[in-house]
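Per chain, numbering begins at 1; letters A, B, ... match sequence-line order.
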Amino acid sequence: MLSYFQRLGATSLGMFERLGRGSVFFVNILLSIPSVIVRPRLLIAQIYFVGVLSFSLIVISGLFVGMVIALQGFYTLSDFGAEGMLGVMVAASLIRELGPVVSALLFAGRAGSALTAEIGLMKATEQLSGMEMMAVDPVARIMAPRFLAGLISMPILATLFSAVGVMGGYFIGVGLLGIDEGGYWSQMQAKIDFSQDVVNGLIKSVIFGWVVTWIAVFEGHDAIPTSEGVSRATTRTVVHSAFAILLLDFILTALMFGDI
Amino acid sequence: MTETSPLIKIRDVHFSRGSKLIFDGVNMDIQRGKVTAIMGPSGTGKTTLLKLIGGQLRPSAGFIEVDGENVHRLRRKQLYLLRKKMGMLFQSGALLTDITVFDNVAFPLREHTNLPESMIRHLVLMKLHAVGLRGARDLMPAELSGGMARRVALARAIALDPMMIMYDEPFTGQDPISMGVLVQLIRLLNDALGLSSIVVSHDVKETCAIADYVYLVSGGKIVEHGSPAQLAESDSEWSQQFMQGMADGPVPFHYAAKEYAKDLLGLEA
Ligand SMILES: Nc1ncnc2c1ncn2[C@@H]1O[C@H](COP(=O)(O)OP(=O)(O)O)[C@@H](O)[C@H]1O
Ligand SMILES: [Mg+2]
């Protein structure tokens with residue numbers, strides 16, 4: 001019994017300690033962001049690696065998710081004779097929820113894991129130490145551009161996901177199931193609110209981008225510098241990111257849409 | 001801080017990793033213009049010592065002065081200024097794996113100077129020429145042999161014209177030819193560029209061939225020091241064991257363990 005409490009205590013202490021180190025690390029990244037902005041070349045390269053290379057994954061996933069929502073939605077809505085609302089349903093679920101959440105989950109698997117592995121291996125092969133000894137701060141040179149690139153890419157990817165998903169819904173709804181094309185778009189325009197839906201969706205994706213990239217970069221930086229350590233850190237990035245995204249999504253949704 | 005004062009002064013340095021004591025009062029003087037060797041068995045903390053000198057680790061007691069400045073009292077900016085004058089060659093070379101040999105050597109120049117690209121090219125080729133690898137400029141680090149990687153790292157370490165270079169086990173795992181090349185290069189660069197060098201190693205023969213002064217480290221302390229000739233003649237059992245590579249001596253062959261017979265019989269010691 002005692003040992004159970006001991007372990008519980010040790011685990012939570014360890015968790016708080018990591019959280020503390022993670023926060024200090026985050027502040028250091030923030031402090032070095034100005035140095036990234038004066039050298040945009042590094043940032044652009046990272047936006048390419050983190051963001052642009054995730055495009056095809058996001059487009060294909062968005063398309064299929066949009067098509068599935070349209071299929072499922074059509075059968076439910078047609079029971080009530082409300083097929084005309086299909087466009088609204090597709091757009092609302094994508095813009096409010098699935099766009100930010102699914103693209104963030106995909107982003108964590110595609111870009112987050114790569115960031116952790118890259119930084120962890122740089123640590124294991126003494127590249128980060130080497131940089132420090134060349135009087136180059138690895139946080140400013142390596143971590144900060146990657147963090148900023150993730151932060152910038154995530155909302156763009158989520159928007160892309162939603163846009164492609166709406167097109168997917170259109171192909172299924174209008175093309176396959178034969179609902180009225182004008183209705184699909186005009187109902188969507190009428191019912192989707194810019195500040196309520198679009199802005200809130202964007203806020204979500206910015207927050208998810210921040211959390212995923214922060215976790216990914218920190219896990220890489222904090223990895224035990226061995227092959228096993230890097231592999232564990234990479235797994236942790238994906239698992240912790242997924243938890244964080246789903247938990248934050250619940251909290252944000254309750255705050256944003258809770259009173260309607 | 002006259003020219004004859006030592007470049008590095010290490011006084012009564014203590015350092016531990018967790019509960020494990022690594023240094024228990026180390027004193028050293030590294031002289032300017034000389035090649036100083038630090039030798040000792042694996043795991044005694046030679047790499048740790050270099051990291052202490054470079055300010056990447058902090059001693060729990062004592063101090064380290066480099067060129068008259070207490071490394072661990074410096075503010076971050078000043079520490080970085082000092083590090084630009086200290087080259088360090090990591091055991092693995094620590095080259096950046098995603099850029100070419102040329103870009104690796106250019107890296108510190110591009111980070112710390114605003115030189116035009118034509119000038120950087122000129123400097124990089126000069127440094128690569130000094131280590132004999134001007135022709136390898138377009139290779140990626142993964143395409144280099146271990147010895148070549150270390151020479152590229154050496155070219156990078158001298159890119160900013162430092163006053164000193166620290167070599168961490170430069171000879172380990174090298175074939176006899178690369179080993180010979182590195183031995184020559186370390187001495188040559190030291191004298192031609194007016195550097196001071198610290199060579200951490202456990203290759204006694206190679207290191208003694210180029211060292212002006214040797215420190216033997218074991219069990220967290222300096223156990224012997226002197227010129228290679230003095231150590232070879234010394235009758236202290238430390239230098240006898242280390243210089244002649246005997247398995248047992250003051251550095252025990254066996255890691256601390258229970259008595260052998262009892263251990264085999266599974267008895268509690
Ligand atoms: N990052 C670290 N964390 C904990 N212990 C370490 C770490 N690095 C080295 N050590 C320990 O410190 C001791 C000295 O290591 P090191 O300086 O690498 O020795 P050497 O270079 O002489 O072989 C070793 O016993 C090693 O296990
Ligand atoms: Mg070592």
Please tell me if the side chains of [X] and [Y] come closer than 4.5 Å, counting only heavy atoms from C-beta onward.
| X | Y | answer |
| --- | --- | --- |
| B/F90 | A/Q127 | no |
| A/R141 | B/E111 | yes |
| B/R76 | A/D137 | yes |
| B/K51 | A/S129 | yes |

Pairing donors with acceptors under 3.5 angstrom, does anything connect the side chains of A/E132 and B/Q56? yes

Are there more than 12 heavy atoms of other residues, nucleotides or ligands under 6.0 Å from atom [atom1] of [X]?
| X | atom1 | value |
| --- | --- | --- |
| A/R18 | CZ | yes |
| A/F49 | CZ | no |
| A/F64 | CZ | no |
| A/I224 | CD1 | no |
| B/R110 | CZ | yes |
| B/K34 | NZ | no |
| B/M140 | CE | yes |
| B/R11 | CZ | yes |

CE of A/M134 to NE2 of B/H112, rounded to nearest 0.5 Å, is 7.5 Å

The reported gap from CE in A/M133 to CD1 in B/I53 (rounded to nearest 0.5 angstrom) is 9.0 Å

Okay, B/L95 and chain A: the region with an atom under 4.5 Å from a heavy atom over there is backbone

Answer key: most heavy-atom pairs under 4.5 Å with chain A among B/K84, B/M86, B/R156 is B/R156

Discussion item. Run the side-chain contact (heavy atoms from CB on, under 4.5 Å) test on B/L96 and A/M122 for me, step by step, so that the C-alpha distance in whole Å, both residues' side-chain angles and the decisive distance to 0.1 Å come before the verdict.
Written reply: CA-CA 8 Å; B/L96 301 172; A/M122 290 184 88; 4.2 Å; yes

Of the listed A/V136, A/T125, A/L128, the one with the largest count of heavy-atom pairs under 4.5 Å with chain B is A/V136

